[in-house]
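Written below as structure tokens is the structure these notes are about.
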Amino acid sequence: MKEPIETKRLILRELLLSDADGMFELDSNPNVHLFVGKKPVTTIEQSIAQIENIRQQYKDFGTGRWAVVLKETNEFLGWSGIKFINYEINGHKEFYEIGYRFIEKHWGKGYATEAGKAFVDYAFNKMKVKALYAYADEGNEASRKALEKLGFRYVNSFEYEGELEVWYELKNPDL
């Protein structure tokens, strides 16, 4: 297990099976899924399976989404992190993508940006990746604004799984 990352307000750590209730709260909310496929989970078993899938990504690729926990209360807020994508999206394959998803009551508090800054630093300075990519539903203004605050630049729009998406990139300034 990798060492957790701490920010001013957050603890970023690998997801654990004990995060299943938080993951279910997150992914069973239709509002959370408005811009990510509109397919909320309906059972805790689906959340457990998702955590197991992410934990397998840690083994296979050395990285994946991590839990975002409020330092002050130890409350599960959602997830963020760097995922290795080994299938094609927007003409790219085998790249590192940054992402985030938070429980609705935690939206608008700057957690995506705070966690994102820590993960950009981790990806560029610890993992030494050349570039990070991200994509979001074209209509997801909050997600797009968070990416832009992190320094990502818009590249193009594309269709993915029947939805219009926007593609962003951030190159490692030291490589």
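On a predicted model such as this, the values are computed, not experimentally measured, just so you know. For the numbers below, each heavy atom of this structure counts, side chains included, while hydrogens, waters and symmetry mates do not.
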Less than 4.5 Å apart, any side-chain heavy atom of [X] and any of [Y]?
| X | Y | answer |
| --- | --- | --- |
| F76 | L15 | yes |
| W66 | K2 | yes |
| N86 | K93 | no |
| L10 | L77 | yes |
| L150 | T113 | yes |

- Rounded distance [0.5 Å steps], OG1 in T63 versus CD in Q57: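 T63 OG1 to Q57 CD: 8.5 Å, rounded to 0.5 Å.
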- Query: Under 3.5 Å, is there a donor-acceptor pair between the E148 and Y168 side chains?
  - Reply: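 Their side chains do contain a donor-acceptor pair, which is all the 3.5 Å distance test asks for.
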- Kindly indicate, with the supporting measurements, whether the criterion salt bridge (charged side-chain N to carboxylate O under 4.0 Å, His left out) is fulfilled by D19 and R55. CA-CA 12 Å; D19 294 318; R55 293 193 59 75; over 6 Å; no
- W107 and F102: aromatic ring centres closer than 6.0 Å?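 No: the rings miss the under 6.0 Å criterion.
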One thing to verify: whether [Y] and [X] come together as a salt bridge, which I'm taking to mean a side-chain N less than 4.0 angstrom from a carboxylate O.
| X | Y | answer |
| --- | --- | --- |
| E3 | K126 | no |
| E6 | K71 | yes |
| K130 | E169 | no |

Should [X] and [Y] be regarded as members of a common hydrophobic cluster, given that ILVMFWY residues are connected when their side-chain heavy atoms come within less than 4.5 Å of each other, either directly or indirectly?
| X | Y | result |
| --- | --- | --- |
| L147 | F158 | no |
| M127 | F152 | yes |
| L26 | L16 | no |

- Query: What residue among F84, Y160, Y133 forms ring pair (Phe, Tyr, Trp, His ring centres under 6.0 Å) with H92?
  - Reply: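 With H92 as partner, ring pair (Phe, Tyr, Trp, His ring centres under 6.0 Å) holds for just one option, Y133.
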- Task: Would you please test S143 and D137 for side chain to side chain contact (heavy atoms under 4.5 Å, CB included) and show each step?
- Result: CA-CA 8 Å; S143 188; D137 186 283; over 6 Å; no
- Item | Greater than 12 external heavy atoms within 6.0 Å of E88's CD |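 Yes, CD of E88 has more than 12 neighbouring heavy atoms, counting only those of other groups under 6.0 Å.
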- Task: Could you go through the side chain to side chain contact (heavy atoms under 4.5 Å, CB included) check for Y100 and F119 one step at a time?
- Result: CA-CA 10 Å; Y100 37 81; F119 281 115; over 6 Å; no
- Query: Should N29 and E25 be marked as a side chain to side chain contact (heavy atoms under 4.5 Å, CB included) after you check the CA-CA gap, both sets of side-chain angles, and the distance that decides it?
  - Reply: CA-CA 7 Å; N29 182 340; E25 181 181 356; over 6 Å; no
